[in-house]
Each structure stands twice: as structure tokens, then as C-alpha cells.
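Data block below; observations after.
Below, read A as the first sequence line, B as the second, and so on, with proteins coming before strands; counting in each chain starts at 1. Being a predicted model, the structure only gives us computed values, none of them experimental.
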Amino acid sequence: MKLKRTHTCGELSAKNTGSSVILNGWVETRRDHGGLVFVDLRDRYGKTQVVFSTERNKDLHEKVNQLKLEYVIAVKGKVEPRPEGTVNPKLATGEIEINAEELEILNEAKTTPFEISDSITSATELRLKYRYLDIRRPSVQRILIQRSEIIKALRDYYGANGFVDVETPFLVKSTPGGARNYLVPSRLNHGSFYALPESPQIYKQLLMLAGLDKYYQIVKCLRDEDLRADRQPEFTQLDVEMSFVDIDDVIKTTEGAVAEVFRKSLGIKLELPLQRMEYSEAMSKYGSDKPDLRFGMQLVDLGDIVKKSSFKVFSDALSNGGAVKGIKVESAAGGFSRKNLDDLNVLVQGVGAKGVLWIKYEENDINSPAKKFLTPEEIAGFQQKFNAKKDDLVLIIAGPLKITNLALGQLRLHIANKLNLIKKGEFKLCWVVEFPLFEYSEEEKKLVSSHHPFTSPKVEDMPLLDTEPAKVRARAYDLVLNGVELGGGSIRIHRQDMQKKIFSLLGISDEEAKEKFGFLLEAFEYGAPPHGGIALGIDRFVMLLTGAESIRDVIAFPKTAKAVCLMTNAPSPVTKKQLDELGIAVKEKE
RNA sequence: GGGGGCGUAGAUCAAUUGGUUAGAUCACCAGACUGUCGAUCUGGAAGUUGCGGGUUCGAUUCCCGUCGCCCUCGCCA
């Protein structure tokens, strides 16, 4: 390589006029006018127009004619102002151009399987197969660069605040509960397997026991579960743990970190402290434990209006201990056809509700399939409760409280999306607190941890552990951004007696607890400090901050919905020799 | 594992009620052109309509199966 760059393709301006420069980069476009050829040269930093002119440099012309898209070249030339009327305001370097004097072709390129351009989006399949070409697109690079800046901001913040970055193992013990582990066979111990960590949870607690006081790590977590638009089998967490703290300490530290990211990455100043909402309020007003606060449409309880209703849908729900609740969609009655409303039924039936009842408000009257079942008092009561006006649409669900909340929560999100009620570029953060410590699992017919079994109950609720464990609240907190769970954490149990008690409530026997978590229980006997922490999903955070639509867009080399890497074709079968060394035989597919 | 959507040239898309030689744009190839920046102009090449089967005189179109990708439910302490 004779011509090594003196500048990048994004930095030259009128100030550099007259200087001789060398640029390296990829040929993005070539506009051939015969005796005059324009090449847009691209690198990570931008684009610069290079002009090849036969008049000024005849010898170059043969070489210039060889140039094709995505060739890698080096150009030496003079920075010149563009002639009047040819300045390109869309380009940062649009005031100038390079008048080429020398050209070195560093490498040729086959025709790419898709255009390297931000204006055309190819099929995901192709983008993932040729991800290195996809990443050449400036919009993809921008996201990865922003991700890098966000991670640097976090490292700077936690470093400056005295946190120690400790690496925890990747070959760990498989533990029950929670996400399915990826397993790694042990060559030296046939029949035994390591697990890849679904999170470094236990290690960070042990680091507190070890006296490290403040720990953080930006680390991959691996979960062998099904994928989604916001879920990949390997993802990155900001993992934090602190000693001698309570909820407020963890929340305050985390808010500082999040604010720092917003400031450095988007130039947005967050109002601190962030809003906190109790789990029960989130469920009752938003029908979700991760409420999207960018729009209203809160759930309204109609129980007192319909408590004497003769309408069976309402009376049955209430007499069975359930609820009747609704949401108001302003000025939407005209926009919902009979078919649209029927489609809403499908949506709510997905979460177990029977169906949606709708009321359209007209001039001094209502239109609703339930009209004939409602008394004038009830109709007036609804109107008043919702403050409903002409052309408003009210959607009502009746049934068990949990299902009613969930169904209305789903409706709320669905309608906000459909009607574009969510402003782009807005960020609404909140903490959700006071989670129940346990949930009843219908499937397993027993209590399970809402968060994880190391979560400490609220001190004032501890007496309830023996009487009404389902009512015990946890010292846990989730951070929610725009209706997405960014992360969560808790104050942990640090006493062995409490931990044993929780295990027993969860139906984990002493033997089982000893077998699975014996090392942790033993550790608690050696002076465990009170401690707590949090983990934030970096990929989701970056996704929200960059406006990316999928978690794949913020991961350099992501996997498909079947957890396949289309670029390398992982996972793939291995040789018999490899399997023999591991003492593993693969079952034939049935 | 369940539900839904998509699959046509290298890429992005089109193709009437099932109808004759499957089109357009970009990219590609050849040529023209000294001020373009989505360059323009002339010409050219490019297709197992994902794959397999079925219905039919005839299937890109309808049916069944299958594969891949996407969304979603379950799942993700």
C-alpha cells in the first residue's frame, strides 16, 4: 500500500482547500461522464467526492475505468472547492472535492448481493448471511458506534464511582429454575456438563460476601429459550451489585448511570429522581408490570357503577370476585368498523378474556351491543366516569381481575400503536416497585419466585411469610423505559435462615437446596453483608435509544428466530471424533 | 410445540377471475458523454416463480406437504 491515508472521508472541508491529501475507502458510487468521472469514496467517517478528469490527469483514466462499486482504493489529490452551483449540502464534505492525481486499487470486489445503501433494506435473511456487508451501511455502523459510546459511558460512570469490574466464569454449574441453560460437555468428566450462565447472579452475590463492596460487569448472558424481536440467545447485561445498601441506594446509583447515558448519547437531561410506581398501580391503571407512560388511556374501574347490573356479563364477573373495567379511546368511534372491533376480540381472547364490549358515543346517544342491557343510570354513570364525548369509543372487559387488567393493557398498547398515539423520540422512564415476592404457578401448583429465590422480602411483610405468603412484597424493582423492561434487581437475602425459609416456601427441600445451592448457603454462614443490585439489558437499552426496531439491529452478529447464525451456519454437527472425546452419542431424530 | 405473515431476475417489487413470450427499477455487461451527486442516453444479458406433490387443457395465482425468514403465544426465576 503506497498511498496511506492522511485524512478520513468525513473530515475535509473548505478549510483544507489547497492541501494535498490521501484518502482510503470504498467506492460507493461512480458517475461516469466520459472525460470526467466522479467517485464517492466512503469510510466509517463519511463520504468524499473524488474527481478524475482526463484534462488534468490523462494517465489515470485507464485505471479509473476499472473501478467498480465497493472496490477498495487509495486516492491522492488536491482538496478543491467545488465550482459554484455544485456544492452538495446533503454531504458534510459537500463544499469540497478531491481532484485526483494518483489512484491505487487496494482490492477489487465482486458485485455485492445487495446494495450497500441506507435507502434500500434487504430481507433479514440476506442481511444476516452477509452481515459484514450489511454493517458497511452507515445506518448500521451508527448504531454499533452509539452502542460503543453507551457502554463507554457506563464504564466511565461505574469506574468513577468506585465499582470494580470483575469477570465471572462462563463455565458454570447448571442451576434449576429460570431460563434453560446452554450446556457444555466436559471432556475430562464424561457425562458431566457445564452450563453457560443465564446471568452472573450467584457470583456477584459471592463477590459481596468476599468484601468487594461494589461490583459491576458488562457481560454476556446466555439463555436457551425461544427468541423474539427483543430477545436473543446471547445478550449483554450491565450487572451491578453493592453491599450495605437498601433499595434507594441501588436506585439512585442506577438513575445516575442512566442519566449519564442519556446525556452523553442523546444530549438529553433526565429529570431525577425518576417516577416510582407500585406494581399494584401499574397493573390496575396500565394492565402491565411495564407500563408505557408515553400516552394515557388508563384503565378505569366500573365496578361501582355496575354492581347492581342485571346484565349477566357484568354481574357474573363481579359475583365471582372479578372486575369490570374499561378504557376510553378519544375521537375513535368513527375509525373502528364492526370488523375492527371484532378483531379486538381475537386480541383479548389471546390472554384469556371472553371478549370486548364496546360503546360508541354519538350525539346525545350511544351505540353498543350492550345498550339494551344497560339502565339509564348505568349509561349515565359510564359517560360521567369516562367523561365521554361524541365520537369517543369505550372498550370494556369483564372477568377475573388479572385477566381483565392484562386484556385491557394489551388493548391499550394495540390501539396506541394503531392510532399512532405514541410520539417518536420521547422517553418515559419509571421504576416499578413493591412486586409480590411469590406468584402461584397453576402449572406446578405451588408458589414460585416472581423475581428469583434470593430476593429479600420487605421487612414489614416478613411476618406474613408464615400466614399469607402470597401477600408478601419483595424488595425488588424494575426499570421500565417506554413500556420495555430495561432491567430489574432486588435487595438480596443475606441470612441463611431466611434463605432456607424461602426455599422451603418454594417447595425446595433441604437436600435439593444443598445439592443445587449448597455453596451459596454455606457462604452465608461466613458473614454475608446486606447487599443488593440490578441488571440492565444493554441491547434493549441501545435499541430504545437508537430507535432500532429489533434487537438484531444493535448486535453485530445476531441470530435468527431459530437461533441460527446465517453467516457461519452455527450450530452445526460435529465429527464423530469430537463426540467420542466427549463421550457423547447423538440420538437419531425420531 | 401452537397461531399468523412472507418467499418471483443479483437486489427491491409487479403480474387482472387460473390464460398465451412472467414485467419495472437499481445493480451487472457493452457503448456515448467534462460538473455529476438517485447522473443521463443507447443497447444487452439476467428467472427451476423456495422445494416436492396435487387439482386443471393450462398454476406465480387454487389445495396439501416441506424448508427458510419474520411477528406472536407458551417459554424467558
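Less than 4.0 Å separates RNA chain B from no heavy atom of any residue of residues 480-506 of chain A.
Across all strands shown, U55(B) has no partner, as no Watson-Crick or G-U wobble contact with both distances under 3.5 Å is found.
Contacts of Arg231(A) with the nucleic acid, taken as non-hydrogen atoms under 4.0 Å apart, include base atoms. Among the protein residues, Asp32(A) comes within range of the nucleic acid bases, having at least one heavy atom under 4.0 Å from a base atom.
Checking U34(B), A11(B), C37(B) against the side-chain heavy atoms of Ser122(A) singles out A11(B) as nearest. In the set C29(B), C76(B), C73(B), C29(B) carries the atom at the smallest distance from any side-chain atom of Lys68(A). Listed nucleotides C37(B), G35(B), G68(B) differ in distance to Glu125(A); the shortest reach to its side chain belongs to G68(B). In this structure, the nucleotide among A11(B), U72(B), C70(B) sitting nearest to the side chain of Arg552(A) is C70(B). In the set C37(B), A39(B), C75(B), C75(B) carries the atom at the smallest distance from any side-chain atom of Glu225(A). Here the side chain of Thr86(A) is nearest to one of C73(B), C37(B), C69(B), namely C37(B). Among the nucleotides C37(B), U34(B), C70(B), the one closest to any side-chain atom of Thr54(A) is U34(B).
Of the residues near RNA chain B, Leu69(A) and Gly34(A), the one whose nearest nucleotide (by heavy atom distance) lies more toward the 5' end is Leu69(A). The nearest heavy atom of RNA chain B to Glu80(A) and to Arg540(A) marks one nucleotide each, and the one closer to the 5' end goes with Glu80(A).
Ring centroid separation for the pair Tyr477(A) and Phe435(A) does not come in under the 6.0 Å cut-off.
For A39(B), the base is stacked against the aromatic ring of His33(A), per a cut-off of 5.5 Å between centres and 30° between planes.
Put simply, Lys90(A) has a side-chain N or O that comes within less than 4.0 Å of OP1 or OP2 on G38(B). A close approach under 4.0 Å does not occur between any side-chain nitrogen or oxygen of Lys562(A) and OP1 or OP2 of C70(B).
Separating the P atom of C29(B) from that of G10(B) is a span of 15 Å, rounded to the nearest Å.
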